[in-house]
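Report on the following structure.
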Amino acid sequence: MTPAISCRGLQKHFDDVKAVDGLDLEVSPGECFGLLGPNGAGKTTTIEILEGLTKPDAGEVTILGRRWGGQERELRERLGISLQESRLTEKLTVYETLELFRSFYERGRDPERLLEDLALEEKRDARVGKLSGGQRQRLAVACALAGDPEILFLDEPTTGLDPQSRLQLWERIAVFKAAGRTVLLTTHYMEEAERLCDRVAIVDHGRIIALGTPAELIAGLHAPHIIEFSSEPAVDDELLSSVPGTGERRQRDGRWQLAAANLAQAVPALLSTLDDAGARLVSLSTHRATLEDVFLSLTGRELRDE
């Protein structure tokens with residue numbers, strides 16, 4: 001089956017900064033694929049190259065079996081793009097904006113249906129300049145859907161959205177994918193990637209450092225739980241290495257994080273170890289391992305690090 005999106009050896013440098021550094025990627029038709037990483041990791045540059053908006057310094061890009069540089073109009077008819085920052089004409093109404101974007105395509109979606117799908121009916125006659133940040137973001141996605149695309153590119157689609165709007169947009173992405181369409185999105189929200197994506201690529205410094213389903217990447221930690229705690233006085237790595245049932249350890253902002261295979265075994269063992277060392281527990285919490293923990297394990301940094 002021909003990939004919906006494919007690139008090989010993608011490179012893009014801005015002066016001395018390697019925004020994209022030899023990136024290989026393949027997305028299957030009907031797949032929701034996520035590029036996950038912190039700001040500055042190269043996600044936006046990568047997606048702009050794939051969209052044909054930025055020319056790479058090196059590498060090949062194939063979209064729906066075609067390459068940029070020939071029959072671009074025909075190819076763009078089959079794509080929907082929502083940029084990280086969309087500049088829409090502020091004096092047009094929401095409906096007029098959708099009607100304008102629909103006119104760019106030979107075939108497409110009914111603007112009235114798009115208003116309903118993106119929960120913008122009440123803002124139908126409101127001018128774009130009067131919309132909130134979240135409403136503008138939903139309008140940008142509605143504009144990306146105006147041409148009834150086969151591939152939907154979404155760059156940080158839920159940044160700035162309230163929880164309800166984020167859930168509504170997740171639902172629309174799921175409906176789009178259920179119709180056999182392809183989605184490529186960038187995000188630094190781990191929950192978003194785990195909820196929506198069939199596969200994710202974790203990107204750092206312009207390179208893919210991990211690739212797989214969210215479940216596969218999390219399983220690669222070999223510990224489904226994370227124990228986070230602080231104590232007074234603080235304890236060292238040598239002491240924690242003796243706690244049964246724990247694995248990888250890391251310290252951040254005065255708190256320790258321990259990977260654990262079994263909380264019922266590891267938590268009592270940790271408390272006993274602290275007690276024997278004369279350390280008082282100040283705080284303790286646990287959570288299931290996430291893609292955030294995968295990234296932290298691989299890089300020593302958090303996904304939301306600037």
Side-chain angles (χ1 to χ4, degrees), residues 3-15 17-27 29 31-90 97-98 100-106 108-109 128 136-160 169 173 176 181-188 197 201 203 205-208:
I5 301 168
S6 176
C7 66
R8 292 286 181 271
L10 213 57
Q11 295 184 31
K12 184 65 181 181
H13 298 174
F14 297 100
D15 296 325
V17 177
K18 295 180 179 180
V20 183
D21 190 19
L23 190 142
D24 296 336
L25 185 66
E26 191 169 287
V27 180
E31 184 176 28
C32 182
F33 192 97
L35 292 177
L36 183 64
N39 293 333
K43 306 187 306 296
T44 292
T45 302
T46 298
I47 201 171
E48 287 180 351
I49 292 172
L50 298 176
E51 292 165 344
L53 302 178
T54 297
K55 187 175 180 179
D57 296 329
E60 295 183 350
V61 174
T62 304
I63 307 294
L64 295 170
R66 300 178 181 272
R67 295 185 180 180
W68 292 112
Q71 298 178 301
E72 290 199 7
R73 175 59 189 262
E74 181 184 340
L75 183 53
R76 292 200 183 280
E77 286 273 350
R78 303 167 70 184
L79 307 181
I81 297 173
S82 177
L83 303 174
Q84 192 172 108
E85 255 185 79
S86 297
R87 302 289 184 179
L88 301 173
T89 304
E90 298 201 347
T97 300
L98 289 175
L100 174 65
F101 272 78
R102 170 62 187 85
S103 71
F104 298 155
Y105 302 91
E106 291 186 8
R109 302 283 302 280
V128 172
R136 284 174 180 250
Q137 191 79 339
R138 298 207 307 276
L139 177 57
V141 173
C143 291
L145 292 169
D148 196 21
E150 296 173 45
I151 299 179
L152 185 60
F153 290 97
L154 300 172
D155 193 3
E156 304 283 1
T158 62
T159 298
L169 187 51
I173 294 172
F176 182 86
R181 312 293 176 89
T182 304
V183 182
L184 177 63
L185 64 86
T186 73
T187 183
H188 59 257
C197 297
V203 181
H205 299 299
R207 294 185 175 185
I208 293 177

- Message: A quick test of your reading: do over 12 heavy atoms of other residues, nucleotides or ligands sit less than 6.0 Å from CZ of Arg207?
- Response: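 No, CZ of Arg207 has 12 or fewer neighbouring heavy atoms, counting only those of other groups under 6.0 Å.
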
Identify the heavy atoms of [X] and [Y] that sit nearest to each other, and give their distance.
X      : Y      : value
Leu185 : Cys32  : CD2-SG, 4.0 Å
Val61  : Arg67  : O-CG, 3.4 Å
Leu145 : Phe176 : CD2-CD1, 3.8 Å
Arg66  : Glu74  : NH2-OE2, 2.8 Å
Pro149 : Gly80  : CB-N, 3.2 Å
Ile63  : Leu75  : O-CD1, 3.7 Å

A side-chain contact here means heavy atoms from C-beta on lying under 4.5 Å apart; do [X] and [Y] qualify?
X      : Y      : answer
Leu25  : Leu10  : no
Cys143 : Thr97  : yes
Phe101 : Leu139 : no
Ile49  : Cys7   : no
His188 : Asn39  : yes
Phe153 : Leu53  : no
Thr46  : Val203 : no
Arg109 : Leu98  : no

- Short N-O contact, Asp24 and Arg8, less than 4.0 angstrom: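 Salt bridge flag = no for Arg8 with Asp24.
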
- Item | Note: Lys12-Glu48 ion pair, threshold 4.0 Å (strictly below) |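 Here Lys12 does not pair with Glu48 in a salt bridge, since their nearest N and O are not under 4.0 Å apart.
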
Roughly how far, to the nearest 0.5 Å, is the [atom2] atom of [Y] from the [atom1] atom of [X]?
X      : Y      : atom1 : atom2 : result
Leu35  : Ile47  : CG    : CD1   : 6.5 Å
Glu31  : Leu184 : CD    : CG    : 9.5 Å
Asp155 : Thr186 : CG    : OG1   : 3.5 Å
Glu77  : Glu72  : CD    : CD    : 13.0 Å
Arg181 : Leu152 : CZ    : CG    : 10.0 Å
Thr62  : Glu26  : OG1   : CD    : 9.5 Å

- Task: Test Trp68 against every option in Arg76, Lys55, Glu60 by the side chain to side chain contact (heavy atoms under 4.5 Å, CB included) rule and name the one that passes.
- Result: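 It is Arg76, the one option of Arg76, Lys55, Glu60 that forms the side chain to side chain contact (heavy atoms under 4.5 Å, CB included) with Trp68.
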
- Item | Steps toward side chain to side chain contact (heavy atoms under 4.5 Å, CB included) verdict (Arg136, Glu90) | CA-CA 10 Å; Arg136 284 174 180 250; Glu90 298 201 347; 3.1 Å; yes

Do [X] side-chain atoms and [Y] backbone N/O form a donor-acceptor pair below 3.5 Å?
X      : Y      : result
Glu51  : Ser82  : no
Lys18  : Gly206 : no
Arg102 : Tyr105 : yes

- Given Leu79 and Leu64, is the side chain to side chain contact (heavy atoms under 4.5 Å, CB included) satisfied, shown in steps? CA-CA 10 Å; Leu79 307 181; Leu64 295 170; 4.3 Å; yes

